[in-house]
Amino acid sequence: MFDEKALETIKAGKEKWSNDVVGKTLAKNPERKEVFTTISGTPVERLYTPLDVAGLDYGKDLGYPGLYPFTRGVQPTMYRGRFWTMRQYAGFGSAKESNARYRYLLSQGQTGLSVAFDLPTQAGYDSDHPLSMGEVGKVGVAIDSIEDMKVLFDQIPLDKVTTSMTINAPAGILLGMYLAIAEEQGVSFDKVGGTVQNDVLKEITVRGQYIYPPKATMRLTTDLIEYCLKNVPKWNTISISGYHIRESGSTAAQEMAFTIADGIAYVQACVERGLDVDSFGPRLSFFFNAFTNVLEEVAKFRAGRRVWAKIMKERFGAKNPRSMMLRFHVQTGGVTLTAQQPLNNVVRVGLQAYAAALGGCQSLHTNSYDEALCLPTQQAVTVALRTQQIVAEESGAADTIDPLAGCYYVEAMTEKIEAEIMDYLQKIDAMGGTLVAIEQGYIQKEIQNSAYRFQKEIESGERVYVGINKYTMEEPPPQGLLKVDMSVGEVEAGKLKKLRAERDEAKWKAALDKLRQASQTDENVMPSVIEAVKAKATVGEICDVWRDIFGQFRPKEYV
Amino acid sequence: MAKKIKIIVAKPGLDGHDRGAKLLSRIFAEAGMEVVYTGLRQTPEMIVETALQEDADVVGLSSLSGVHNYFFPKVVELLRAKGLDDVLVVGGGIIPREDYEGLQKAGVNAIFGPGTPTTEIVEYIQKNVRER
């Protein structure tokens with residue numbers, strides 16, 4: 001972007017400044033540290049100048065919003081058209097309680113729903129299963145059957161809101177229920193919009209809500225993608241997630257690299273299924289974390305957009321620009337929140353939300369300040385939603401596109417993260433691909449090593465964390481935390497008993513038999529899943545059919 | 001020389017948050033302990049069986065999904081039923097302070113919340129573990 005003569009002048013000027021001006025200052029006042037690094041451990045220089053981005057080619061590397069390689073954003077007008085979707089992940093207790101919170105959030109200006117399911121639902125167990133003991137309704141809403149799902153979306157028009165569901169191995173079942181309810185509301189499938197996470201690979205590496213072995217679970221993922229392509233055209237069929245990779249301790253570059261590696265595996269699986277990359281490509285979406293180091297996060301998002309665009313175009317031969325767009329949801333970093341002085345978290349979340357906006361996210365969840373203590377209270381949830389409304393309406397970040405482009409530091413960091421991503425992708429390819437890298441524990445170990453490094457930095461005091469290793473204080477125990485009633489489990493178990501007694505046994509059995517048959521062949525399972533949920537088969541029952549056929553995943557632990 | 005401290009690090013229930021459990025497993029090993037990490041999805045019965053098989057001195061429980069009040073006391077109860085009264089039981093994760101007292105009354109020896117330096121946990125175990 002600079003001609004050579006200008007660069008030479010800048011270089012001479014910088015050297016002079018370094019030697020004469022900086023040297024003198026350092027002699028009197030040394031800097032705070034010898035080496036400055038981001039929270040990911042990436043070194044940060046004293047000053048960035050055009051010299052650090054000398055290789056940058058504006059047209060090729062940055063381009064324009066809505067155009068390849070999408071470094072500057074995926075839409076031509078970004079937030080000048082409309083803000084990102086404000087989507088708070090919520091759900092707890094029974095379907096009725098969660099429905100009340102969704103309606104509250106929608107009444108407060110939230111524009112999309114995001115459903116948190118409890119762990120039994122995510123792991124494919126009914127509320128009365130022995131492994132569900134103590135967990136029912138705890139970290140999300142308990143859904144056993146279509147009856148619960150009806151209560152969850154009571155009075156919520158499914159043609160007006162879009163819904164994101166954090167569900168992976170059993171994604172098809174919950175989507176099936178959602179579609180069946182849309183049908184009952186008189187909403188046709190082509191008007192239904194939303195997302196299922198459906199990203200089973202990161203369950204195996206970092207999140208732990210796996211059910212089936214990798215190949216089988218990938219088949220179910222691909223079935224869902226294929227089914228929606230033909231029947232639910234507005235549905236985002238997968239949300240390839242780096243969020244949990246980062247939560248588990250990865251660096252920013254690792255988060256992006258391992259997510260893209262997972263993305264490559266899904267695209268590969270769909271291509272092997274015989275799907276055209278430009279048919280399913282536009283419906284792939286992503287999900288990332290945002291930490292407090294705003295500039296590093298912005299660089300991460302920009303680098304990710306550029307890398308994904310190149311991979312889809314060059315590696316997979318995509319022709320439709322929409323297939324090349326890294327469209328993503330962001331959640332602020334849960335792991336960055338402290339139980340100590342919890343109100344400080346409001347500021348962390350504010351900076352993280354600002355990073356997501358400057359980074360060009362399509363939707364955003366802001367965490368509540370009390371989440372290191374308990375599930376969020378209504379007050380904390382409201383502050384979190386207001387935080388993103390302030391970023392949207394007051395900060396100015398939404399008024400011009402990709403405002404940090406051209407910032408020497410951010411551009412240099414974007415290039416650096418891109419190089420790191422490409423390096424990881426090469427290593428993973430050399431190993432034989434993402435599935436092999438996961439089987440060998442490579443990805444898991446890389447993440448754990450970063451988590452370990454971070455912990456050591458905190459404990460040595462090398463990295464300051466406010467309220468943890470500096471600026472600490474005695475404080476009274478927090479009051480008014482949200483408690484989930486332990487009796488949810490019993491209530492849900494009672495409802496299940498009633499459902500099983502009252503449903504049409506013959507219809508239920510026929511539907512499960514049909515599902516079993518489809519699952520044993522190459523047939524897409526989705527139509528028979530939808531039949532089964534309509535016949536009131538439960539999440540656990542459907543998952544058991546697949547457990548019988550596919551077996552269960554048992555991870556090796558890499559410690 | 002005293003025998004190495006043997007610790008079981010366990011994840012009860014369906015919770016998948018294992019960053020802390022894995023990190024501490026590594027830290028305990030570096031501190032000279034013998035570590036057995038159970039992995040995810042452990043029932044109290046499985047955890048106690050492992051403790052018995054391994055002749056563990058310490059059981060460390062990690063929970064971030066809000067089920068500590070159910071699982072931790074259950075593990076203590078089963079340990080006692082097997083006669084493992086002198087096994088030190090420690091826990092950590094997202095556990096509200098107001099739950100600490102109840103857990104300690106139920107026989108959990110110590111709870112370590114978010115932000116606790118790992119050195120503090122190691123020292124506590126070294127000081128309070130049974131004679132070997």
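Below, read A as the first sequence line, B as the second, and so on, with proteins coming before strands; counting in each chain starts at 1. Atoms considered below: every heavy atom in the structure, side chains included; atoms not considered: hydrogens, waters and symmetry mates.
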Are there residues of residues 97-114 of chain B whose heavy atoms fall under 4.5 Å of chain A's heavy atoms? If so, which? B:Arg97, B:Glu98, B:Asp99, B:Pro114
Within residues 46-58 of chain B, the residues sitting under 4.5 Å from chain A by heavy atom, in sequence order, are none
Find the one option among A:Ser132, A:Ala372, A:Pro478, A:Cys374 whose heavy-atom pairs under 4.5 Å with chain B are most numerous. A:Ala372
Of the listed B:Ile95, B:Thr43, B:Asn69, B:Asp15, the one with the largest count of heavy-atom pairs under 4.5 Å with chain A is B:Asp15
Using non-hydrogen atoms only, which part of A:Leu373 is less than 4.5 Å away from chain B: side chain, backbone, both, or neither? backbone
Tabulate, in ascending numerical order, the residues of residues 452-467 of chain A having at least one heavy atom closer than 4.5 Å to a heavy atom of chain B, or enter 'none'. A:Tyr452, A:Phe454, A:Gln455, A:Lys456, A:Glu459
Part of residues 205-212 of chain A lying next to chain B, heavy-atom separation under 4.5 Å: A:Val206, A:Arg207, A:Gly208, A:Gln209, A:Tyr210
With a 4.5 angstrom heavy-atom cut-off, is it the side chain or the backbone of B:Glu45 that approaches chain A, or both, or neither? neither
How long is the gap from NZ on B:Lys22 to OG on A:Ser248, to the nearest 0.5 Å? 7.5 Å
Highest number of heavy-atom pairs under 4.5 Å with chain B: which of A:Pro555, A:Pro130, A:Ala451? A:Ala451
A:Gln479 portion near chain B, given a 4.5 angstrom heavy-atom threshold: neither
What distance do A:Glu135 atom CD and B:Phe71 atom CZ have between them, rounded to the nearest 0.5 Å? 5.0 Å
Among B:Val35, B:Leu40, B:Thr118, which residue has the highest count of heavy-atom pairs closer than 4.5 Å to chain A? B:Thr118
Measure distances from A:Glu203 to the heavy atoms of chain B and classify the residue's part below 4.5 Å as side chain, backbone, both or neither. neither
Among the listed options A:Leu337, A:Asp118, A:Leu375, A:Asn449, the residue most often paired with chain B at heavy-atom distances under 4.5 Å: A:Asn449
Neighbour count >12 (heavy atoms, 6.0 Å) for atom NZ, B:Lys74: no
Might you point out which heavy atoms bring A:Arg246 and B:Arg19 nearest each other, and give the distance in Å? O-NH1, 4.0 Å
Which bit of B:Asp18 is near chain A, if near means a heavy-atom gap under 4.5 Å: side chain, backbone, both or neither? side chain
List the atom of B:Ser65, the atom of A:Val139, and the distance in Å for their closest heavy-atom pair. O-CG1, 3.4 Å
Please indicate whether A:Met133 has more than 12 foreign heavy atoms, meaning atoms of other residues, nucleotides or ligands, lying under 6.0 Å from its CE. no
